[in-house]
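As structure tokens, the structure follows; a few thoughts come after it.
Numbers for residues simply follow the sequence, beginning at 1. Heavy-atom basis, side chains included; hydrogens, waters and symmetry copies ignored.
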Amino acid sequence: MPDPAPSKPSAPRIAETAAGKALMALLALFYTFLATTAAGGEWHTLFLPACLLAASLLLFCFCILRGYKIPSPGLPGWLALGLGGGYFLLRAWFSPWFYYEGVADLGLIVTAMAMFMAGAYAGAGNGERSVLPVLAAALGLLNALLWGYQNITGTEASWFRPDYSLFGTELRNIGLFGYKNFSAHFLSVTGFFLCAYSMASARKWGISLFTGLALVLISFTCSSRAAFPNALAGVTLCFFIYTSSVFRNNRKFYTAAILFILLLFLGAAYAVLDLANGAGKLASLLDTFSFGSRLDLSRLAWALADQAPWFGHGSRMFTNLSTEFFAGASLPNFAHHEYAQAACDYGYAGLGLMLALLALFLVSGFRSVLQLGGERQRANPLGPAAFCVLCIAAFHAYGEFIWHNPALLGASALCCGITCTASLSRVKASRRAGRWFQASAALLLAALALCYAFRAFPVWKASLRAVPVSSNERLPMLEEAASSSLDPDLVRRSILHAVGSPAAPDEARLRELERQEEEAELRSPGNHGLAAAKSLLYIRQGRLAEAERLLRPYVESPGRFDDRMFAWTTIYSNMLYSWSAAIAAQSPGQALSMALTAQRLMSAQTDQWLFHGSLNPQVRKEHDLRLRELKMLILTLQYRGAVPDASWRGSRGSGYFQANPVPAFSKMKF
């Protein structure tokens, strides 16, 4: 009787293979570099993380081709990848402001999708020997140590980024992130991740718990208003997780306990805020819950969302649009309200999709907590820990742009992935269609990561040669980075440095800067910062009529353009003063009209003092001196019988000024 044919050995699970372990190490390195070298969020600092991410995704594709078993992310995971990832990727790709801000959002979305899948695979195990608690503790302690070192020594240097923005360090003694609210949030979520993980595991008292408590306590030293509410939410959730684990099947007890903690939380918050803002001032209380002046930012974001309600204005368009419409007390960069900014940038369709997926992840994480009361098997402790972090992040996103920071977004996406599989009693392996879908998506994301790294490399290379702020070598470094990348922000800064330098740039340099500005404008249409830079180039070349037509809308629309962003009024009035002085002999009527216009603007500016640097006594002194000179010019022209002639506003030509550049420009400060 012939022997039966040997059965084909089943493929190993990816976690059991050497390639799977290497993949885990690459992803850990990727997130470590994300939290250390790129935590500030400037896109060129993402060069090294982009390379590591591309290597991880390509290795993942190799594992699929080898036939290793890949865990299925489950229905929530497929919905998140297909609907959420697909919508936001396409919307970011077709953003009107694509090159700079749209590419930055693409990098965030790719990071989120990769970290989400890493979390889904981490949640597929039992979680007891996971590397995630070790990674959270290491990065949290590293952030705390750097924070302590900076404050004790009084230095603002970073251990990992020699240069934060190509102009020398701009850190402010706030750890890895360069921003106190981000550092406090990272300390909170890593601390409570460890506490919740400890509460949900078999060993509740140990190094994870005490490390987590230490990180939470350190978060209070960051002078961030988010530390207190984050801690209240985290303590409540950890208590809920603890009661679910200890008092098994006694849901009445921990339901009553959680309601008591919530009432205590709301009562304490009301008492503290009401005493701080005056008894009975409900509007003041609500404003404090909305993080003060950030209420204006969120209102603006909702108003802009109503202008493009279905699909929004495009990735990070709030950053550009707010410059035009915002006139509040804070400089506009982000809405500081992730839900309002999602509505503005991606429309109510994107906001609804984001909220639906977030609710799905929170429900899955809540199921993980409820499973702690089961008697059959020990639930994966990563699920409750991820649920705790997601709740804190969803709460904090109401008053901060935490999901526009790559490291903080990556942590939230990782926890979203964990909740998808940690609550499942048995995680299935992906079928053939799912495997090839994941492989195709990984190849696409790897290609995007490589393109990102290619774009960021010239600027990253230039930033390695960072020099002290007082050094004269900063400008050549900036010029090289701007010309090689044509990044709109770097081109703008290069122009500002060139026109503000004591030595006037030659004609060839001015033409090269104008070429860079035109190409950058094609990549970032409607960028108001580039408009300000272009006006300075026109002024330096004596093309005053063109500069006046470009700047006029920014000055004649009070309340629409924030003068602190690019000092529109200062540039415009200084230009009119020098222009009027240059043509006083040939066209006294036009010169008088220009001088009167400049005087009106500068006098109003004295009352408001909005423009950048206005609190500097030297700036005020120069402003007063120029205003006195302007008044003398007006009196002289009026004494000679000049009559105001506003025809200069419709002037098309500027040949005289191109042939005879105004010498006073080389001495003027814009």
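- You'll find the ring centres of Phe387 and Phe193 outside the 6.0 Å limit.
- Two rings, from Phe361 and Phe116, have their centers less than 6.0 Å apart.
- Here the CG atom belonging to Leu48 is positioned 11.0 Å from the CG atom belonging to Leu34, to the nearest 0.5 angstrom.
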Chi angles and distances behind the side chain to side chain contact (heavy atoms under 4.5 Å, CB included) call for Leu362, Cys391: CA-CA 7 Å; Leu362 290 175; Cys391 289; 3.9 Å; yes

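- Between the side chains of Ser315 and Tyr346, at least one donor N or O lies within less than 3.5 Å of an accepting N or O.
- Atoms CG and CG, on Leu106 and Leu448 in that order, are 6.5 Å from each other to the nearest 0.5 Å.
- Minimum heavy-atom separation, Leu26 to Ser56: CB-OG, 3.3 Å.
- By the 4.5 Å heavy-atom criterion applied to side chains, Ser430 and Pro73 are counted as neighbours.
- Between Phe192 and Val389, every side-chain heavy-atom pair lies at or beyond the 4.5 Å cut-off.
- For the pair Leu89 and Leu445, the minimum side-chain heavy-atom distance is below 4.5 Å.
- Contact annotation: the side chain of Leu53 approaches that of Leu57 to within less than 4.5 Å [non-hydrogen atoms, C-beta and beyond].
- With hydrogens and angles left out, the side-chain atoms of Glu338 and His404 include a donor and acceptor closer than 3.5 Å.
- The CG atom of Leu237 lies 10.5 Å from the CZ atom of Phe366; values are rounded to the nearest 0.5 Å.
- The structure places CG of Leu360 at 12.5 Å from CG of Leu355, a figure rounded to the nearest 0.5 Å.
- Remark: the backbone N or O of Ser198 is paired with a side-chain donor or acceptor of Ser201 at under 3.5 angstrom.
- Rounded to the nearest 0.5 angstrom, Arg435 CZ and Cys61 SG are separated by 11.5 Å.
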Evaluate the criterion side chain to side chain contact (heavy atoms under 4.5 Å, CB included) for residue pair Phe401 and His337; output intermediate values, then yes/no. CA-CA 6 Å; Phe401 54 104; His337 189 309; over 6 Å; no

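- Summarising the geometry of Ser423 relative to Ser364, their closest heavy-atom pair is CB-O, 3.5 Å, with the distance given to 0.1 Å.
- Side-chain contact between Leu132 and Ile418 is present, with heavy atoms from C-beta onward closer than 4.5 Å.
- Here Trp436 contributes atom CH2 and Ile64 contributes atom CD1; the two are 7.5 Å apart, rounded to the nearest 0.5 Å.
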Donor-acceptor pairs under 3.5 Å, side chain of residues 409-416 to any protein atom, not counting sequence neighbours: which ones?
residue, atom, partner, partner atom, Å
Ser412, OG, Trp403, NE1, 3.0
Ser412, OG, Leu408, O, 3.4

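- Looking at residues two or more places apart in sequence or on another chain, you find a side chain to side chain contact (heavy atoms under 4.5 Å, CB included) between Leu135 and Tyr31, Thr32, Leu139.
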Assess the residue pair Trp147 and Thr221 against the criterion (side chain to side chain donor-acceptor pair (under 3.5 Å)); give the C-alpha distance rounded to whole Å, side-chain angles, the decisive distance to 0.1 Å, and a yes or no. CA-CA 9 Å; Trp147 161 255; Thr221 67; 2.8 Å; yes

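- The aromatic rings of Phe177 and Phe182 stand perpendicular to each other, their planes meeting at an angle above 60°, with 30° marking the opposite boundary.
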Yes or no on side chain to side chain contact (heavy atoms under 4.5 Å, CB included) for Met199 and Leu209, after CA distance, side-chain angles and deciding distance? CA-CA 8 Å; Met199 293 294 97; Leu209 176 63; 4.0 Å; yes

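- Between Ala407 and Ala35, the closest heavy-atom pair is CB-CA, 3.9 Å.
- When all heavy atoms of Ala227 and Ser219 are compared, the pair lying nearest together is CB-O, 3.6 Å.
- In plain terms, the two heavy atoms of Leu58 and Leu443 that are nearest each other are CD2-CD2, 4.1 Å.
- Shortest non-hydrogen contact noted between Asp105 and Ala92 is CB-CB, 4.4 Å.
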Run the side chain to side chain contact (heavy atoms under 4.5 Å, CB included) test on Ser183 and Leu176 for me, step by step, so that the C-alpha distance in whole Å, both residues' side-chain angles and the decisive distance to 0.1 Å come before the verdict. CA-CA 7 Å; Ser183 282; Leu176 294 171; 5.7 Å; no

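- Counting only heavy atoms from C-beta outward, the side chains of Phe60 and Tyr121 approach each other to under 4.5 Å.
- The shortest distance between side-chain heavy atoms of Leu187 and Cys222 falls below 4.5 Å.
- For Ile207, the CD1 atom sits in a loose shell: 12 or fewer heavy atoms of surrounding residues, nucleotides or ligands are nearer than 6.0 Å.
- Checked against the 6.0 Å centroid criterion, the rings of Phe220 and Phe228 do not qualify as a close aromatic pair.
- Side-chain contact between Cys195 and Leu213 is present, with heavy atoms from C-beta onward closer than 4.5 Å.
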